[in-house]
2 protein chains.
Amino acid sequence: LMDIQQLTKTYVMGDQMVHALRGVDLQISTGEFVAIMGASGSGKSTMMNIIGCLDRPSSGKYYLQGQDVATLRDDEQAVVRNRMIGFVFQSFNLLRRTTALKNVELPLIYAGIPAADRAMRARVALEQVGLGQRLDHQPSQLSGGQQQRVAVARALVTRPSLILADEPTGNLDSQVSAEVMNLFQTLNRQGLTVVLVTHEDDIAAYARRVVRMRDGMVVSDRLQDQV
Amino acid sequence: LMDIQQLTKTYVMGDQMVHALRGVDLQISTGEFVAIMGASGSGKSTMMNIIGCLDRPSSGKYYLQGQDVATLRDDEQAVVRNRMIGFVFQSFNLLRRTTALKNVELPLIYAGIPAADRAMRARVALEQVGLGQRLDHQPSQLSGGQQQRVAVARALVTRPSLILADEPTGNLDSQVSAEVMNLFQTLNRQGLTVVLVTHEDDIAAYARRVVRMRDGMVVSDRLQDQV
Ligand SMILES: Nc1ncnc2c1ncn2[C@@H]1O[C@H](COP(=O)(O)OP(=O)(O)OP(=O)(O)O)[C@@H](O)[C@H]1O
Ligand SMILES: Nc1ncnc2c1ncn2[C@@H]1O[C@H](COP(=O)(O)OP(=O)(O)OP(=O)(O)O)[C@@H](O)[C@H]1O
Ligand SMILES: [Mg+2]
Ligand SMILES: [Mg+2]
């Protein structure tokens with residue numbers, strides 16, 4: 001599904017260089033459930049953004065479904081992204097002046113889904129994460145963990161083939177975290193490829209494989225029994 | 001230090017009422033280290049905002065250092081807040097177009113601290129959370145966990161007598177979380193009162209007392225041995 005070779009990402013700040021990614025090699029197959037772990041600042045979100053076609057590397061190769069992503073223009077990358085990828089952002093990125101329901105409908109609008117179907121699918125997605133009673137709340141009228149769950153629902157509503165989730169349970173208590181992780185596991189068994197960043201071992205335990213990053217590189221990559 | 005009696009907070013949304021707090025009773029003494037836990041949406045941030053003089057309850061009493069906070073005007077509450085409370089927000093609330101250093105200097109500017117002292121104190125605060133190499137990065141140039149640590153540094157730089165931290169380690173790996181919690185513990189032993197919201201048992205273990213909330217009420221309040 002995805003083949004990453006010697007990916008680097010360097011930010012230039014005045015006379016300083018920040019090496020966010022220093023040569024990452026990673027292959028992920030369709031249907032996998034992978035947890036990405038590593039210290040704060042080790043490059044996890046940077047890598048997720050490149051995988052999700054939201055950013056471009058400084059050097060290296062990224063093949064998605066056999067296609068060299070670098071050869072795609074920005075608008076072509078956007079099509080790939082909207083068609084096959086669901087992204088849960090570390091800082092949620094919800095629209096502030098829009099209800100939870102409308103936030104989750106947004107990707108369906110881009111996909112050309114008719115209004116009645118959109119509203120129903122968005123409602124179901126929000127019910128799946130326990131927010132059936134919060135459909136018409138705007139983000140400022142939601143708790144931190146509720147905003148996070150709206151971001152999860154939005155990522156899943158298009159039924160993507162790949163979900164990239166950056167710390168999707170960082171603001172959730174253990175019971176609600178388990179509900180979200182069970183949802184990911186159920187969808188994974190139905191064919192959804194799941195790549196999630198987490199700093200919690202309890203959450204990583206739901207994955208079949210754990211990739212650890214440090215200082216912009218992959219330092220370990222191991223299979224494990226799923227919990 | 002703080003005495004909360006039958007605190008309620010109700011939001012009116014059209015013809016619906018959301019009872020975020022349903023009669024909270026809580027007393028916290030100077031020098032305590034208290035963890036607040038509970039499900040997503042149970043009222044933790046709402047209560048923290050009222051404790052931190054950032055919001056007013058719908059009913060009930062809140063005495064801070066013997067003073068009935070309801071009798072203070074908004075500007076008087078702001079003075080109390082800036083003088084004695086440091087707040088780590090669940091969504092950080094950093095200034096976007098400002099460097100990490102300047103973000104942490106901000107409370108010192110309000111406190112009338114001279115420029116040279118401010119810069120030095122802000123730098124020390126950022127070094128204490130491992131961000132000595134990120135002083136001139138703006139929030140968009142920082143990882144999620146780095147932004148969170150800037151928020152922690154900003155809350156501590158005025159040397160407040162009370163720190164209110166809402167999920168201060170939600171985006172931090174275990175090593176950096178331990179560094180932040182050790183910092184809180186050290187300051188607590190020096191007299192800082194610490195009230196922190198967390199959904200992780202490992203983090204709550206640093207506290208001397210754990211208060212659990214559910215559906216807008218305190219349902220348990222127990223002392224424990226600190227780790
Ligand atoms: N402005 C508002 N209008 C309506 N309802 C609100 C508003 N702000 C918060 N709420 C509701 O009040 C409840 C408590 O919110 P609060 O942010 O205190 O929860 P929390 O315990 O901090 O949750 P989390 O762990 O997810 O951060 C939630 O159900 C939320 O939807
Ligand atoms: N626009 C930028 N300019 C300069 N440096 C940046 C920029 N964006 C990120 N960085 C740096 O790149 C490094 C990697 O950032 P990244 O967000 O990928 O970390 P992360 O592993 O997701 O961390 P966290 O667990 O804290 O979210 C960090 O040290 C960060 O300061
Ligand atoms: Mg990150
Ligand atoms: Mg909260």
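Order of the sequence lines fixes the chain letters, A, B, ..., with proteins taken first and strands second; residue numbering starts at 1 for each chain.
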Practice prompt. Could you check if a side-chain atom of A:Phe87 sits within less than 4.5 angstrom of a side-chain atom of A:Met48, using non-hydrogen atoms only?
Written response: yes

Worksheet, complete the sentence: When the 4.5 angstrom heavy-atom criterion is applied to A:Thr169 and chain B, the contacting part is backbone

Practice prompt. Find the one option among A:Asn171, A:Val176, A:Thr46 whose heavy-atom pairs under 4.5 Å with chain B are most numerous.
Written response: A:Asn171

Fill in: chain A contact via B:Val197 - which portion, at a heavy-atom distance below 4.5 Å
neither

Practice prompt. Determine the minimum heavy-atom distance between B:Tyr62 and B:Ile51, stating which atoms define it.
Written response: OH-O, 2.6 Å

Worksheet item: Short question: side chain of B:Thr198, backbone of B:Ala204 - any donor-acceptor pair under 3.5 Å?
Response: no

Worksheet item: Which pair of non-hydrogen atoms, one from A:Pro107 and one from A:Val157, has the smallest distance, and what is that distance?
Response: CG-CG1, 4.2 Å

Worksheet item: Is A:Asp25 close to A:Val218 at the side-chain level, that is, under 4.5 Å between some pair of heavy atoms?
Response: no

Worksheet item: Could you go step by step and tell me if A:Phe33 and A:Leu192 meet the side-chain contact (heavy atoms from CB on, under 4.5 Å) rule?
Response: CA-CA 9 Å; A:Phe33 195 142; A:Leu192 174 69; over 6 Å; no

Worksheet item: If you look at every heavy atom in B:Gly216 and B:Val24, which pair is closest and at what distance?
Response: O-CG2, 3.4 Å

Discussion item. Ignoring hydrogens, what is the shortest heavy-atom contact between B:Cys53 and B:Leu64? Give both atom names and the distance.
Written reply: SG-CD2, 4.2 Å

Practice prompt. Count the heavy-atom pairs under 4.5 Å between each of B:Lys44, B:Arg149, B:Gln16, B:Met37 and chain A, then report the option with the highest count.
Written response: B:Arg149

Worksheet item: Going by atom types only, do B:Thr8 and B:Ser58 share a side-chain donor-acceptor pair under 3.5 Å?
Response: no

Worksheet item: So which of A:Ser45, A:Ser42, A:Ala39 has the largest heavy-atom pair count under 4.5 angstrom toward chain B?
Response: A:Ala39

Fill in: Non-hydrogen side-chain atoms of B:Asp173 and A:Ser40 separated by less than 4.5 Å
yes

Worksheet entry | Sequence-distant partners of B:Ser220, side chain to side chain donor-acceptor pair (under 3.5 Å), two or more places apart | none

Worksheet, complete the sentence: Among residues 121-146 of chain B, those lying within the under-4.5 Å heavy-atom range of chain A are B:Arg134, B:Asp136, B:His137, B:Gln141, B:Ser143, B:Gly144, B:Gly145, B:Gln146

Taking distance alone, no hydrogens or angles, what donor-acceptor pairs closer than 3.5 Å link side-chain atoms of residues 207-215 of chain A to residues at least two apart or in another chain?
from, atom 1, to, atom 2, distance (Å)
A:Arg208, NH1, A:Gln224, O, 3.2
A:Arg209, NE, A:Asp221, OD1, 2.8
A:Arg209, NH1, A:Gln27, O, 2.9
A:Arg209, NH1, A:Glu32, OE1, 3.2
A:Arg209, NH1, A:Glu32, OE2, 3.0
A:Arg209, NH2, A:Gln27, O, 3.1
A:Arg209, NH2, A:Asp221, OD1, 3.4
A:Arg209, NH2, A:Asp221, OD2, 2.8

Item to complete: Counting only heavy atoms closer than 4.5 Å, note whether B:Gln148 contacts chain A via side chain, backbone, both or neither.
Response: neither

Practice prompt. May I ask you to list the residues in residues 89-104 of chain B that approach chain A closer than 4.5 angstrom, counting heavy atoms only, ordered by number?
Written response: B:Gln90

